[in-house]
Structure formats: structure tokens, C-alpha cells
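Data first, discussion second: the structure below is written as C-alpha cells.
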Amino acid sequence: MKEQIQKAFTENFGTGPFITITTPARANLIGEHIDYQGGYVLPIGIDRFIYTSARKREDNKIALFSFNYNQYFETDTEHITYEENYLWANYILGVLDEFRKLGFAVPGIELTIGGNIPVGSGLSSSAAVEVSIGVLFQKITGTKLEPLELIKLARRAENEFVGVSCGIMDQFSIYLSKKNSALLINCKTLEYRYAPLQMGNLKFLLVDTKKERSLSSSVYNDRVASVKEAVRIIRQEKDIEFLTDIEDISSYKDKFSEETFRRALHIVEENKRVVEAVNCLENSDFDSFGELMYQSHKSLKELYEVSCRELDFIVEFSKNIRGVKGARLTGAGMGGCCLVLIEEKCIPTFIDELAPLYQQVFGKTPEFYPIQPVDGALYQNI
Ligand code: ADP
Ligand code: MG
């Protein structure tokens with residue numbers, strides 16, 4: 001894939017020196033829907049990549065070629081504005097604009113971007129594009145931002161320029177993941193550390209539901225609002241910033257509606273599960289880790305209500321397949337991917353049995369991505 005992008009670059013922009021930035025996707029192992037409530041998350045970088053080949057120009061032209069969309073877009077450094085007709089270009093322009101806002105001069109650039117991260121499957125292809133451009137900008141201008149500054153900049157590009165209100169986990173993990181590790185991020189303090197992933201004969205397998213995510217952003221916004229409301233209610237009695245500051249939510253039960261209580265309970269319990277999950281990794285106890293994955297899914301389904309029939313089907317199916325330790329939805333839910341922890345030798349059976357059943361019930365074929373924990377963009381491009 002990398003070679004294809006590099007070849008497309010020279011076809012578009014001619015031979016001569018250029019650089020190529022490699023940026024992975026991410027998958028969250030556990031800690032779902034709690035980043036925006038100051039919780040812990042535990043993502044890994046995965047071996048699906050965005051490649052950006054580029055060189056600086058002497059003039060002020062910004063020339064962008066998308067390999068996957070087979071589209072060319074051109075502007076100049078004086079006109080970095082939102083482009084209605086080229087959605088993909090906004091993820092690039094947004095990052096350049098953020099550097100400009102910080103006072104950096106944006107040079108003319110020509111680049112080709114492309115890769116094999118499935119779009120809209122919850123593996124954060126958008127953040128991979130942003131981080132890739134962040135790394136590229138630093139390389140071609142000799143700028144060096146602290147990791148956290150770059151991560152926040154890339155997130156602002158998505159929040160403000162593109163207009164999508166994502167949390168910080170995506171850019172964080174895509175930049176700072178390390179191979180053979182999971183990245184534990186405290187979303188309240190933004191402190192982080194690595195937990196070992198010594199997986200032996202186990203693998204993570206992603207099953208892409210291929211479900212359209214039409215409702216997902218309104219559901220997402222609704223959940224963010226309802227847990228904020230829960231925080232507001234608790235603050236009448238206790239000074240907290242987030243629900244994850246609460247040890248035992250049950251004492252507040254009669255203050256909430258039944259639904260708000262369930263939402264809040266998910267946040268508090270899911271946060272505790274992440275801490276337990278890290279303990280499991282430190283002890284290479286993948287049986288217990290898998291059990292926590294199932295518990296996380298149940299909570300997302302029943303308490304937080306962000307699953308869907310397709311995801312529940314895959315999780316239930318997995319319980320009857322030999323070699324499976326755990327499964328859960330990963331990402332915002334309502335579609336996207338199911339993450340399965342499974343013995344490597346059992347993957348072919350899992351795929352062969354699930355694919356026709358799923359096809360029968362849902363009329364579409366899921367996609368399967370066996371994944372590997374890889375280095376984030378910082379370490380890929382040293
Ligand atoms: P995801 O869950 O994959 O992040 P989003 O809807 O947040 O889904 O972001 C997908 C958008 O990111 C695409 O519509 C496109 O604009 C941009 N994008 C993703 N991958 C690429 C790519 N390979 N080339 C160009 N743009 C991309
Ligand atoms: Mg995204």
C-alpha cells in the first residue's frame with residue numbers, strides 16, 4: 001500500500017526527494033463512552049495505516065491528491081477554508097489552519113494521501129489523517145511540538161474546522177501508542193502509561209458490522225448531554241467535575257430518572273473495569289480480561305443503550321465459539337466494529353461460521369480484520 005501511495009505521488013507531482021509519513025488506526029480495548037466524563041480508556045494502535053507522501057513547495061500552492069477518493073484539490077496558503085465539495089481535504093486543511101493559528105508559517109505543500117483504514121467503522125480514520133498531517137508539518141518545517149500539544153491541535157482541527165465533536169482518545173492513541181502495549185489514558189488529567197500486551201497465542205479480531213451509522217451522532221450527543229445532566233444534579237450536593245469522580249453512584253439513585261441513573265451507572269462501572277483490565281494485562285490474565293470485555297458490552301447494551309442488533313449478534317455468537325475469551329463493541333457503537341479476543345488458531349472457524357449466519361440474518365457480509373498492536377505515528381516516523 002505504501003508503495004502505491006508513493007508511486008501515485010511521483011505520478012502526480014514528479015520525481016525528486018519527498019517524505020512519507022506512516023500513521024496507524026486505533027481500536028479501544030475497553031473504557032467506552034467515558035472519555036468525555038474524565039474516565040480511563042485503553043486503546044492500541046493497529047496495523048491499518050494512512051500514508052502521506054509529500055514535499056514542500058517553493059510557491060504558496062497547497063496541492064492535495066486523495067488516493068482513495070481519486071480526487072485532486074488545490075488551494076493556496078492564503079485560502080485555507082472549509083471545502084463543501086471535498087470533505088477529505090478538510091481534515092488536512094484543518095490541521096494546517098491550526099498550525100497557522102498558533103503562529104506558524106504554512107508553506108506551500110504537495111501531497112498524496114491514502115491508506116487501508118476502513119472509513120466510518122470506528123477505527124478513527126479521521127484522526128489518523130489529522131495526526132499524519134501534524135507529523136508531516138513538523139517534518140517539513142522543522143517545527144517540534146510537545147506530543148500533547150500536537151494531539152490537542154489535531155483534535156481541534158476535527159472539533160472546530162471539520163465540526164465533529166470527538167474526544168481526545170483518538171488522536172492520543174494514534175500518536176503515542178506502542179507496539180506490544182496498550183495505552184492507558186486518564187482522560188481527566190491526560191496522564192498516560194503503557195500496559196504490557198503479551199498475548200501469546202491470542203489475537204484481537206475486529207468484525208466490521210458494515211452497518212450504516214445514520215443515527216450514531218444524535219445518539220452520541222444525547223448520551224453526552226444526559227451524563228452532563230447527571231453531573232449537574234450531583235453537584236447540588238457534592239463538588240465533582242465528572243461522574244468518574246464518584247465511587248458509589250447508587251447513593252444518588254433517587255435523585256435521577258431511571259434512565260439517567262442507568263447512564264451514570266455505566267460510566268462509573270466502566271471506569272472501574274478499565275483499572276481491572278490493566279491489572280489483568282499486567283498479570284497476563286486474558287481469561288479475566290475477556291470477561292471484562294463481555295461485561296463492558298452488556299453495560300453498553302443495557303445501561304448505556306449504544307449497541308445494535310448486529311453487534312449483539314456477534315457478541316452472542318462469539319460465546320459459543322471455541323477459543324474466544326471475550327467480545328465487545330468498540331468505538332461509539334450503533335454499528336462499526338466488534339472487538340473479539342480469540343486464540344489465533346480458532347480465527348478461521350470463527351470467520352467461516354459467522355459470515356454465512358450473519359449474511360442470513362442481516363443480508364450483508366461482515367468484514368474481518370485480524371489486528372496487531374503497533375507503534376503510533378510518533379514512533380513510526382522517528
Ligand atoms: P472514522 O470513524 O473512520 O474516523 P469519520 O467519519 O470520523 O470516520 O471520518 C472519515 C472521514 O475521514 C472520511 O469521510 C474522509 O473525509 C476522511 N478520511 C478517512 N480516510 C481517508 C483517506 N484514506 N483519505 C482521505 N480522507 C480520509
Ligand atoms: Mg472519526
Side-chain angles (χ1 to χ4, degrees), residues 1-2 4-6 8-9 12 20-28 32-33 35-36 41 43 45-46 48-54 62-73 82-96 109 111-134 136 151 154-175 206 208-221 306 311 329-339 367 369 371 377:
M1 189 85 217
K2 185 176 178 177
Q4 281 174 286
I5 307 299
Q6 291 175 321
F9 177 82
N12 275 295
T20 301
I21 306 297
T22 301
T23 312
R26 68 101 184 90
N28 191 21
E32 215 65 77
H33 276 282
D35 56 342
Y36 49 80
V41 293
I46 62 170
R48 290 275 171 155
F49 298 99
I50 292 284
Y51 301 101
T52 307
S53 291
I62 295 179
L64 311 175
F65 180 71
S66 161
F67 179 85
N68 297 98
Y69 296 101
N70 195 24
Q71 280 181 348
Y72 178 79
F73 174 77
Y82 190 85
E83 283 304 324
E84 286 293 331
N85 299 318
Y86 295 87
L87 179 60
W88 59 270
N90 293 313
Y91 293 87
I92 299 169
L93 297 172
V95 175
L96 298 178
I109 296 175
L111 70 79
T112 294
I113 189 163
N116 57 10
I117 306 177
V119 168
S121 292
L123 307 181
S124 220
S125 65
S126 58
V129 172
E130 293 145 16
V131 169
S132 174
I133 302 305
L136 173 72
I151 289 162
R155 181 197 181 185
R156 286 198 303 276
E158 181 143 349
N159 289 171
E160 290 168 26
F161 197 92
V162 183
V164 175
S165 61
C166 58
I168 201 164
M169 165 172 67
D170 301 350
Q171 292 81 7
F172 212 122
S173 51
I174 282 170
Y175 196 48
L206 286 166
D208 192 336
T209 59
K210 293 276 153 186
K211 185 178 173 173
E212 294 293 327
R213 292 189 309 172
S214 52
L215 273 177
S216 59
S217 68
S218 61
V219 170
Y220 185 90
N221 293 340
V306 289
L311 287 164
L329 73 83
T330 184
M334 311 294 292
C337 286
C338 182
L339 178 73
E367 267 205 74
Y369 322 123
I371 52 167

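If you read the sequence from its start, that first residue is 1, and numbering goes on from there. Computed over heavy atoms, backbone and side chain alike; hydrogens, waters and symmetry mates excluded. Indexing begins at 1, ligand by ligand and atom by atom, following the structure's order.
- A salt bridge (Lys or Arg N to Asp or Glu O under 4.0 Å) with Glu367 is found for exactly one of Arg48, Lys211, Lys210, namely Lys210.
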**Asked** Could you walk me through whether Leu123 and Ile371 pass the side chain to side chain contact (heavy atoms under 4.5 Å, CB included) check?
**Response** CA-CA 11 Å; Leu123 307 181; Ile371 52 167; over 6 Å; no

Ligand 1 N/O to protein N/O, distances under 3.5 Å:
{"unit_1": "ligand 1", "atom_1": "3 (O)", "unit_2": "Gly120", "atom_2": "N", "d": "2.9"}
{"unit_1": "ligand 1", "atom_1": "3 (O)", "unit_2": "Ser125", "atom_2": "N", "d": "3.1"}
{"unit_1": "ligand 1", "atom_1": "3 (O)", "unit_2": "Ser125", "atom_2": "OG", "d": "2.6"}
{"unit_1": "ligand 1", "atom_1": "4 (O)", "unit_2": "Ser125", "atom_2": "N", "d": "3.2"}
{"unit_1": "ligand 1", "atom_1": "4 (O)", "unit_2": "Ser126", "atom_2": "N", "d": "3.1"}
{"unit_1": "ligand 1", "atom_1": "4 (O)", "unit_2": "Ser126", "atom_2": "OG", "d": "3.0"}
{"unit_1": "ligand 1", "atom_1": "6 (O)", "unit_2": "Arg213", "atom_2": "NH2", "d": "3.4"}
{"unit_1": "ligand 1", "atom_1": "7 (O)", "unit_2": "Ser126", "atom_2": "OG", "d": "3.1"}
{"unit_1": "ligand 1", "atom_1": "8 (O)", "unit_2": "Gly120", "atom_2": "N", "d": "3.4"}
{"unit_1": "ligand 1", "atom_1": "16 (O)", "unit_2": "Trp88", "atom_2": "N", "d": "3.4"}
{"unit_1": "ligand 1", "atom_1": "23 (N)", "unit_2": "Asn68", "atom_2": "OD1", "d": "2.8"}

**Message:** With side chain to side chain contact (heavy atoms under 4.5 Å, CB included) as the criterion, how do Tyr69 and Tyr86 come out once you've worked through the C-alpha distance, each side chain's angles and the decisive distance to 0.1 Å?
**Reply:** CA-CA 10 Å; Tyr69 296 101; Tyr86 295 87; over 6 Å; no

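- Listed for the Asn90 side chain is no donor-acceptor partner under 3.5 Å among the backbone atoms of Phe161.
- A side-chain donor-acceptor contact under 3.5 Å links Glu32 to the backbone of Gly331.
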**Message:** Run Leu96 and Ile109 through side chain to side chain contact (heavy atoms under 4.5 Å, CB included) and show every step you take.
**Reply:** CA-CA 10 Å; Leu96 298 178; Ile109 296 175; 4.0 Å; yes

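- Protein N/O/S atoms found under 2.8 Å from the Mg ion (ligand 2), listed by chain and residue number: Ser126 OG.
- Among residues two or more places apart in sequence or in another chain, the ring pair (Phe, Tyr, Trp, His ring centres under 6.0 Å) test is passed with Phe49 by Tyr51.
- Within the structure, the side chain to side chain donor-acceptor pair (under 3.5 Å) test picks out the following pairs touching residues 119-134 (sequence neighbours left out): Thr52-Ser132, Ser121-Asp208, Ser124-Asp170, Ser126-Glu158, Glu130-Gln171.
- With rounding to the nearest 0.5 angstrom, the CE atom of Met334 is 9.5 Å from the CG atom of Leu311.
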